[in-house]
Amino acid sequence: MLRDRIRYKPLLDRVVSADQAASLIKDGMTVGMSGFTRAGEAKAVPLALAERARKDPLKITLMTGASLGNDLDKTLAEAHVLARRIPFQSDPGLRKAINAGEVMFIDQHLSETVEQLRTNQIKPVDIAVIEAVAITEHGGIVPTTSVGNSASFAILADKVIVEINLSQPVTLEGLHDIYIPTRRPARMPIPVVTPEARVGLPFIPIPPEKIVAIVVSEKHDSSATIQPPDSETKAIAGHLTDFLLNEVKQGRMGYELQPLQAGIGTIANAVLHGFIDTPFHDLKMYSEVLQDSTFELFDAGKMTFASGSSITLSAEMYQKVLPRLAEYKHRLILRPQEISNHPEVIRRLGLICINTALEFDIYGNVNSTHVGGTHMMNGIGGSGDFARNGFMSIFVTKSIAKNGAISSVVPMVSHVDHTEHDVDVLVTEVGLADLRGLAPRERAAIIIANCVEPGYRDALQDYFDRAVKRGGHTPHLIEEALSWHVNLREKGTMRPA
């Protein structure tokens, strides 16, 4: 069976234990690991590295595609392996270390990391650790359920460790499309002109002699925690559906819409799920993460093709999809994240981009990353890549959190990830604000009227009215602008007295 997976025969001699492979990672190295949103990460070597570090301390800079599954970020953080972490994470244990200043976290747009590596703007990758379903007859690496930054890590690193995961189905082979942009200053256009365009190779091409160790594993990907749609997320989906139906009525698009992009998580997944019961049809997706709703739309006959950088599913959906992967395969592509998130391609394809906000303010600025303006949650991920360059940038969130103690709509956001210039539509369960073509004062009026939980609406209107009397293109009471966040910190609620 292993010979079927390692088809370049000279590499069979390089099969070693996870401990032996981890010993190749030295203190101070920059390590590039596969993994994108809890999918396709190397699993055995990071655990062995953490175990070794508990006995013989070492520090590394860890670069990935996005978040790692199987609690690997937590395990590495608790073993004090991580000096620096790039470009995204979602683990509470690592988050705690980041906010305590123990791990230096570089929060990046996901399209940028390997661009900076390729041009030597950040320290090079010393060694790459890549999960694979197979190694081809010529030494090419066939990724598993994600591509992320794996291709560029493997190409740019001096040495490569490959984890052959026997639990990953061989039907994954042929799913990937590995395209690496040419070098500047004479870079050729990226030839992706439709979501289904195949422009690269089905494996990562590297000289096989760079592969210094192969580890065999059988550990599954972590499943995503996807909550079923609730009344609020159904309402958000309903508002967005009505808005898009009106776009069709106005002749701006057809019922097949523009290609869709959606961020990871329960709200975005529920919004896409809501498209099942609509007149929309022949939908296509060009996104980062293909989650449960992608396959629900396939099964409902609503979606014809989906391009992403990873497949991240709930436990129930994994059990449905993986055994039937051959049925879906002709409708799927997994790409490097610098292609799935590339501004050039996003702008060319004209995507409808749906991402989740932590909070937004009355002028349309969005905070996606920082709680209270200071504490990192997960990171900006790819939302900025899509928001700035999409045909239409939509942000969704529930209007309140923590049983109403927090309003998701505030006078001024405590941290800005997406400025008002990159935000077209805001949606909560209360309603929808179409901000296109509106000046700041006009945006504030429609956001307060349409998106704010009623218990907070009068207070926001009062703030805005008093700010307008003071004047300005974007009226604010600077001394009060963050007072809601101060109240939350000191009193446990943003609610006005």
Side-chain angles (χ1 to χ4, degrees), residues 90 224-246 260-278 280 289 291-294 296-297 300 302 312 314 316-317 352-362 364-369 371-372 377-378 381 383 387 392-410 413-414 417-418 423-435 446-461 484 488 492-496:
S90 62
T225 303
I226 300 292
Q227 301 296 328
D230 58 21
S231 59
E232 287 88 0
T233 55
K234 287 179 181 178
I236 291 170
H239 297 315
L240 186 53
T241 295
D242 290 343
F243 168 76
L244 293 173
L245 285 171
N246 187 60
L260 301 170
Q261 177 269 332
I264 190 70
T266 294
I267 296 179
N269 190 73
V271 168
L272 284 184
H273 176 88
F275 283 12
I276 291 174
D277 299 317
T278 68
F280 304 129
V289 183
Q291 46 192 331
D292 285 23
S293 55
T294 304
E296 291 167 345
L297 288 167
K302 291 289 186 177
T312 301
S314 66
E316 181 182 1
M317 191 60 75
I352 296 173
C353 305
I354 306 167
N355 289 286
T356 304
L358 282 180
E359 63 178 4
F360 57 85
D361 66 28
I362 59 175
N365 300 290
V366 172
N367 172 13
S368 294
T369 58
V371 176
M377 179 61 74
N378 297 332
S383 57
M392 185 183 295
S393 176
I394 301 166
F395 281 90
V396 299
T397 186
K398 295 184 178 182
S399 66
I400 55 174
K402 301 295 183 184
N403 296 316
I406 296 173
S407 172
S408 300
V409 192
V410 293
V413 287
S414 57
D417 291 294
H418 314 283
V423 180
D424 296 317
V425 177
L426 294 169
V427 195
T428 69
E429 80 282 3
V430 178
L432 180 147
D434 180 359
L435 309 181
I446 194 171
I447 289 170
I448 293 170
N450 289 6
C451 297
V452 181
E453 193 266 341
Y456 283 99
R457 189 175 295 143
D458 288 346
L460 267 181
Q461 187 67 53
W484 290 31
L488 179 63
T493 182
M494 288 184 177
R495 283 204 180 276

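Bear in mind the structure is a predicted one, so any value in this text is a computation, not a measurement. Position 1 is the first residue of the sequence; numbering continues from there.
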Checking the side chain of Ser408 only, and the main-chain atoms of Lys398 only, is there a donor and an acceptor separated by less than 3.5 Å? yes
Can a donor-acceptor pair be found, under 3.5 Å and without considering hydrogens, that links the side chain of Asp424 to the backbone of Ile394? no
Exactly one candidate in Val396, Val425, Val427 meets side-chain contact (heavy atoms from CB on, under 4.5 Å) with Ile354; the answer is Val396
Using atom types as modelled and distance alone, determine if a side-chain donor or acceptor of Asn450 lies under 3.5 Å from a backbone N or O of Ala433. no
When you measure from the side chain of Tyr456 to the backbone N and O of Val410, does any donor-acceptor pair fall under 3.5 Å? no
Quick check on side-chain contact (heavy atoms from CB on, under 4.5 Å): which of Asn269, Val271, Ile267 does Thr233 satisfy it with? Ile267
Donor-acceptor pair, side chain of Asp417 and main chain of Thr369, under 3.5 angstrom: yes
Please report the interatomic distance SG(Cys353) to CD(Gln261), rounded to the nearest 0.5 Å. 5.0 Å
Please test Thr428 against Thr397 for side chain to side chain contact (heavy atoms under 4.5 Å, CB included), starting from the C-alpha separation and ending with a verdict. CA-CA 5 Å; Thr428 69; Thr397 186; 4.2 Å; yes
Can a side-chain donor-acceptor contact be found between Ser231 and Glu429 if the only test is distance below 3.5 angstrom? no
Glu359 (side chain) donor-acceptor with Ser414 (main chain) under 3.5 angstrom: yes
In sequence, state the C-alpha distance, the side-chain angles, and the governing distance for Leu245 and Thr278, and then conclude on side chain to side chain contact (heavy atoms under 4.5 Å, CB included). CA-CA 9 Å; Leu245 285 171; Thr278 68; 5.8 Å; no
Distance check, rounded to the nearest 0.5 Å: Glu232 atom CD versus Glu453 atom CD? 10.5 Å
